[in-house]
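What follows is one structure encoded as structure tokens, with my remarks underneath.
Just so it is clear, the structure is predicted and the values come from calculations on it, not from any experiment. What you see below is based on every heavy atom in this structure, not just the backbone, and it leaves out hydrogens, waters and symmetry mates.
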Amino acid sequence: MKNIHYKLATALLAALGVFAVTSAARADDFGKDFWWLDDPIEGLWDVTVNITPSPATPGGPCTDGPVLVTFKALGLYGRGGTFHDENETGKSGPFPRTSGLGTWERVKGRHYRFAQKFFVFDFSGLPAGWTIVRHDVVLGRDGQTWVSEGTSENFDVNGAPLIGVPGRPPVGCSNATATRFK
């Protein structure tokens, strides 16, 4: 009887060893990107964005002033740190724009950061420059919501910061809330 238990235990350990070697080989082939190790922020999110007043002084902090504009967006956090944004202001609003493309990174724990760039056009369809948006994101404990806040910088077609252009401050402020799209 001891011999049967010994053979069974040996066979079980051998099977576990094969599983461990196979898993390690897969980890070497694919990195840490197994489906069960995905980063919690990865996926598609329904987002509500609030544009708030620009800093009182250039380079200063965003104020806690009133919400100036609110719009809906979709944010896609892709595996490996890619970011894509679509929102309802794309064809309308003060300046028509392209989709936003960018990157994201995990800072620590549930704290993330993203940056995106999109191109803007005047109403005749000519290029008017681009905008870079940077936000700090805090993922909810349940992994189904997040909140963020950050700034945007506006540039002309030559890459010069826009200063004193009506309707386009050099630095804008915004905050957002999101729920996971299912």
Could you pull out the closest heavy-atom pair between [X] and [Y], with the gap in Å?
{"X": "R180", "Y": "E42", "answer": "NH1-O, 2.9 Å"}
{"X": "S152", "Y": "V133", "answer": "CB-CG2, 3.8 Å"}
{"X": "V49", "Y": "A73", "answer": "CG2-CB, 4.4 Å"}
{"X": "A128", "Y": "D122", "answer": "CB-N, 3.9 Å"}
{"X": "Y77", "Y": "I41", "answer": "CB-O, 3.4 Å"}

Given the rule in the side chain to side chain donor-acceptor pair (under 3.5 Å) test, do T179 and D46 qualify, once you have shown the distances and angles that lead to the verdict?
CA-CA 5 Å; T179 58; D46 271 318; 4.7 Å; no
Residue pair [X] / [Y], side-chain heavy-atom distance below 4.5 Å:
{"X": "T70", "Y": "T48", "value": "yes"}
{"X": "T131", "Y": "V120", "value": "yes"}
{"X": "L101", "Y": "F83", "value": "no"}
{"X": "P66", "Y": "P53", "value": "yes"}

Indicate yes or no for a side-chain donor-acceptor contact from [X] to the backbone of [Y] under 3.5 Å, with no hydrogens or angles considered.
{"X": "T82", "Y": "T103", "value": "no"}
{"X": "E88", "Y": "K72", "value": "yes"}
{"X": "W104", "Y": "G78", "value": "yes"}
{"X": "N158", "Y": "A160", "value": "no"}

According to a hydrophobic-cluster definition based on side-chain heavy atoms being under 4.5 Å apart (Ile, Leu, Val, Met, Phe, Trp, Tyr only), do [X] and [Y] belong together?
{"X": "L68", "Y": "F71", "answer": "yes"}
{"X": "V147", "Y": "Y112", "answer": "no"}
{"X": "F155", "Y": "F119", "answer": "yes"}

Spatial distance of atom [atom1] ([X]) from atom [atom2] ([Y]) [nearest 0.5 Å]:
{"X": "S99", "Y": "H84", "atom1": "OG", "atom2": "NE2", "answer": "3.5 Å"}
{"X": "L44", "Y": "L74", "atom1": "CG", "atom2": "CG", "answer": "5.0 Å"}
{"X": "L162", "Y": "D156", "atom1": "CG", "atom2": "CG", "answer": "5.5 Å"}
{"X": "L139", "Y": "W146", "atom1": "CG", "atom2": "CH2", "answer": "10.0 Å"}

Could you give me the CA-CA distance, side-chain angles and deciding distance for R134 and Q116, then say whether side-chain contact (heavy atoms from CB on, under 4.5 Å) is met?
CA-CA 7 Å; R134 299 177 194 281; Q116 67 167 309; over 6 Å; no
Can you list every pair that meets salt bridge (charged side-chain N to carboxylate O under 4.0 Å, His left out) and has a residue in residues 102-116, with sequence neighbours left out?
D39-R106, E105-R113, R113-D136
What class does the angle between the rings of F114 and H135 fall in, given that below 30° is parallel, 30 to 60° is tilted and above 60° is perpendicular?
parallel
Could you please spell out the steps behind the salt bridge (charged side-chain N to carboxylate O under 4.0 Å, His left out) verdict for D85 and R97?
CA-CA 11 Å; D85 162 74; R97 58 164 275 194; 2.6 Å; yes
